[in-house]
Amino acid sequence: MKGYYLWTVGCQMNKAESLRLAQGLEALGYHQVPQPEQADFIVLNSCTVRQKAEDRVVARLSSLRFLKRGREATLILMGCMVDSNLQELQQRFPYVDSFVRPGDIQTVLRLAGLTGSEDRVDLISPSLADISAYVPIAQGCDKFCAYCIVPYRRGRERSREVAEVVEEVKCLVARGTKEVILLGQNVDSYGHDLPDKPDLAYLLEELEPIPGLERIRFLTSHPKDMNQRLIQAVTRLPKVCEHINLPLQSGDNAILGAMGRGYTREEYVHLVEHIRAAIPQVALSTDVIVGFPGEGEERFHNTIELLEETRFDTVHVAAYSPRPGTRAARLPDDVPPLVKRERRERVEQLQERTASLINAQYLGRQLSVLVEGKKGGKWWGRTPSYKQVFFSAPGELLGKIVAVEIEKSGPWSLQGSLVGY
Ligand code: SAM
Ligand code: SF4
């Protein structure tokens, strides 16, 4: 039996695609091995959203060059590092056997031995711990934010047909999945490219009645495309979790304009107020970039102020990293690395305080928890609002939805006692 080694960096989409690829390779008779030295087939699934991610991929590739020298093994680079830049990649990494564009799992499978052009391995996202599964519903992005390389590497938006997604979710549920996380770079614009123009709200309505499916999540939303129908779907459909990822990126209008995000600070705040009025229990997470060109201290302060006022449950913060080929790469990268780092830390410290305050509000309350596993002898799972909850209890609880009374809270998780099934 041949061994495969699969290494992944990047976003949930990359992780979801790697899981699907692993399933395809196993269907072809491969088995996973822990070290590349033991593998006949090696795949690196790459990310280029920030320079740091790209550097990690290059370092990994370099280490594999020596490994390839002494033995027969196929080495594939897939993911966002692969573009129309094939010649450049071939010159830079001559020891790589093939370069495959992001998401093109079938090509990798053909390289692994799948024969015949119309011969396809059916790919169903394997569930994570058989309980929660990523389901990509759209590829690519049409937004072209000034700093972002995704539209160049993953192409224009392409939605999967509603029936195909529903079928996949039914198969997953039949295999024990309780929760699906619908993925897209911009899920709110799902369906606009399909013949009947279904939207995400419609897709959620079609998924809701699937027996055995307990929870539905979706990410990532775009503030410009988040609409009333979607907000109503979250309020109306019991399985759709009250958890929305709504990237802000900056709280300063000039920076938002330069980023090409398509909304102002005021419009964003208004949208958040509207969501919170419609879905009072909603947990909001966001993404922020610090150190974008032209972000002086005052403009950065506008972001800090908005974060203080809005109080997000989670903030993912990244230091701006110029990406060759994007519009922002033509602007001077004028915020020094140390200042970027200091701003990132200020956002992280603020978020630690905010998350502590938000989570303390759960003390004494009973929360519904979908049990996903055990860590350090304790069961852990997530609430509909994506809070991680730890508790001790005997018996087999994996995959069950239980009630936990919260006794301790911290910025990153909650702890409590089991009070019911
Ligand atoms: N589509 C989502 C949105 O509208 O924000 C997010 C997708 S993007 C691939 C994931 C996150 O990476 C972004 O929210 C942004 O914060 C970060 N990101 C993208 N390009 C970046 C860059 N050039 N420098 C730093 N962070 C970046
Ligand atoms: Fe990138 Fe903007 Fe598309 Fe998000 S919406 S993937 S940040 S271009």
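The basis for the numbers below is simple: all heavy atoms, side chains too, and nothing from hydrogens, waters or symmetry mates. Counting convention: from 1, in listed order, for ligands and their atoms alike. When a residue number appears, it is its place in the shown sequence, counting from 1.
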K.L.:
Please determine whether the number of non-hydrogen atoms from other residues, nucleotides or ligands lying under 6.0 Å from atom NZ of Lys2 exceeds 12.
P.N.:
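Atom NZ in Lys2 is not crowded, with 12 or fewer foreign heavy atoms closer than 6.0 Å.
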
K.L.:
Is there at least one pair of N or O atoms, one from Ser321 and one from ligand 1, spaced under 3.5 Å apart?
P.N.:
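It does: an N or O of Ser321 is found under 3.5 Å from an N or O of ligand 1.
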
K.L.:
Should the pair His274 and His270 be assigned to parallel (<30°), tilted (30 to 60°) or perpendicular (>60°) ring geometry?
P.N.:
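Correct class here is parallel.
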
K.L.:
Does even one non-hydrogen atom of Ala328 get within less than 4.0 Å of ligand 1?
P.N.:
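Checking ligand 1 against Ala328, which is what was asked, there is no heavy-atom contact under 4.0 Å.
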
K.L.:
Considering the heavy atoms of Ala318, write down every atom of ligand 1 situated less than 4.0 Å from one of them.
P.N.:
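Counting atoms of ligand 1 from 1, those under 4.0 Å from Ala318 are 26 (N).
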
K.L.:
If you round to the nearest 0.5 Å, how far is NZ of Lys15 from CG of Asn45?
P.N.:
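Between Asn45 CG and Lys15 NZ, I get 11.0 Å after rounding to 0.5 Å.
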
K.L.:
Specify the protein heavy atom at minimum distance from atom 25 (C) of ligand 1: its residue, its atom name, and the distance to 0.1 Å.
P.N.:
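Result: Ala319 O, 3.3 Å.
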
K.L.:
Once side-chain contact (heavy atoms from CB on, under 4.5 Å) is applied, do any residues pair with Ser385, and if so which ones, sequence neighbours excluded?
P.N.:
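Testing Ser385 for side-chain contact (heavy atoms from CB on, under 4.5 Å), a comparison that skips the adjacent residues, returns Ala283, Tyr362, Thr383, Lys387.
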
K.L.:
Around atom 7 (S) of ligand 2, find the nearest protein heavy atom and jot down its residue, atom name and distance.
P.N.:
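Result for atom 7 (S) of ligand 2: Tyr147 OH, 3.3 Å.
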
K.L.:
Rounded to the nearest 0.5 Å, what separates atom CD in Glu157 from atom OH in Tyr190?
P.N.:
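Here the interatomic distance stands at 12.0 Å.
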
K.L.:
Of all the heavy-atom pairs spanning Arg215 and Pro384, show the shortest one and how long it is.
P.N.:
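Heavy atoms only, the tightest pair is NH2-CD, 3.4 Å.
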
K.L.:
Check Val150 against ligand 1 and report side chain, backbone, both or neither, counting heavy atoms closer than 4.0 Å.
P.N.:
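Val150 to ligand 1: side-chain contact only, backbone stays beyond 4.0 Å.
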
K.L.:
Mark the output for Arg261 as yes if a heavy-atom distance to ligand 2 is under 4.0 Å, and as no if none is.
P.N.:
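Distance cut 4.0 Å: Arg261 passes for ligand 2.
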
K.L.:
So, regarding Tyr320 and ligand 1 (criterion: nitrogen or oxygen to nitrogen or oxygen, under 3.5 Å), is there a contact or not?
P.N.:
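N/O-N/O distance under 3.5 Å: no.
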
K.L.:
Among Arg153, Arg261, His316, His222, which one has a heavy atom closest to atom 3 (C) of ligand 1?
P.N.:
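Ranked by closest heavy atom to atom 3 (C) of ligand 1, first place is Arg261.
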
K.L.:
Take a 6.0 Å sphere around CD of Glu297 and say whether it holds more than 12 heavy atoms from other residues, nucleotides or ligands.
P.N.:
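For Glu297, atom CD is crowded (more than 12 foreign heavy atoms under 6.0 Å).
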
K.L.:
Give the numbers and elements of all ligand 1 atoms closer than 4.0 Å to a heavy atom of Pro247.
P.N.:
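In order of numbering, the contacting atoms are 3 (C), 5 (O).
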
K.L.:
Distance under 4.0 Å to a non-hydrogen atom of Arg50: what atoms of ligand 1 satisfy this?
P.N.:
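Numbered from 1, ligand 1 contributes 12 (O), 17 (C), 18 (N), 24 (N), 25 (C), 26 (N), 27 (C).
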
K.L.:
For atom 10 (C) of ligand 1, find the nearest protein heavy atom and state the residue, atom name and distance (0.1 Å precision).
P.N.:
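Going by distance alone, atom 10 (C) of ligand 1 is nearest to Asp287 OD2, 4.1 Å.
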
K.L.:
When you measure from the centre of the six-membered ring of Tyr263, is the NZ or CZ of Arg261 under 6.0 Å away and within 45° of the axis?
P.N.:
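No, Arg261 and Tyr263 do not form such a contact.
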
K.L.:
Rounded to the nearest 0.5 Å, how far does CD of Gln349 lie from CZ of Arg344?
P.N.:
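Arg344 CZ to Gln349 CD: 10.5 Å, rounded to 0.5 Å.
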
K.L.:
Is the backbone N or O of Thr264 less than 3.5 Å from a side-chain atom of Asn253, with the two atoms forming a donor-acceptor pair by type?
P.N.:
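Checked: no pair found.
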
K.L.:
Would you mind checking which non-hydrogen protein atom is closest to atom 19 (C) of ligand 1, with the distance to 0.1 Å?
P.N.:
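For atom 19 (C) of ligand 1, the nearest protein heavy atom is Val49 CG1, 3.5 Å.
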
K.L.:
Which bit of Cys141 is near ligand 1, meaning a heavy atom under 4.0 Å away: side chain, backbone, both or neither?
P.N.:
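It is neither part, as no heavy atom is under 4.0 Å.
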
K.L.:
As an exercise, state the distance from CG of Leu248 to CD1 of Ile289, rounded to the nearest 0.5 Å.
P.N.:
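With rounding to 0.5 Å, CG (Leu248) is 10.0 Å from CD1 (Ile289).
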
K.L.:
Indicate yes or no for a side-chain donor-acceptor contact from Asn302 to the backbone of Gly251 under 3.5 Å, with no hydrogens or angles considered.
P.N.:
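No; zero donor-acceptor contacts below 3.5 Å.
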
K.L.:
What protein heavy atom is closest to atom 20 (N) of ligand 1, reported as residue, atom name and distance in Å?
P.N.:
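The protein heavy atom lying closest is Tyr147 CD1, 3.3 Å.
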
K.L.:
With no hydrogens and no angle check, is any side-chain donor or acceptor of Lys239 less than 3.5 Å from a backbone partner on Ile210?
P.N.:
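Here the side-chain-to-backbone pair exists.
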
K.L.:
Quick one: which of Lys340, Arg323, Gln249, Gln185 has a heavy atom closest to atom 16 (O) of ligand 1?
P.N.:
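Considering heavy atoms of Lys340, Arg323, Gln249, Gln185, the nearest to atom 16 (O) of ligand 1 sits in Gln249.
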
K.L.:
Would you confirm whether Thr286, through its side chain, and Leu246, through its main-chain N or O, come within 3.5 Å as a donor-acceptor pair?
P.N.:
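Here the side-chain-to-backbone pair exists.
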
K.L.:
Which residues and atoms, counting only protein N, O or S, are under 2.8 Å from atom 3 (Fe) of ligand 2?
P.N.:
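Only Cys141 SG fall inside 2.8 Å of atom 3 (Fe) of ligand 2.
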
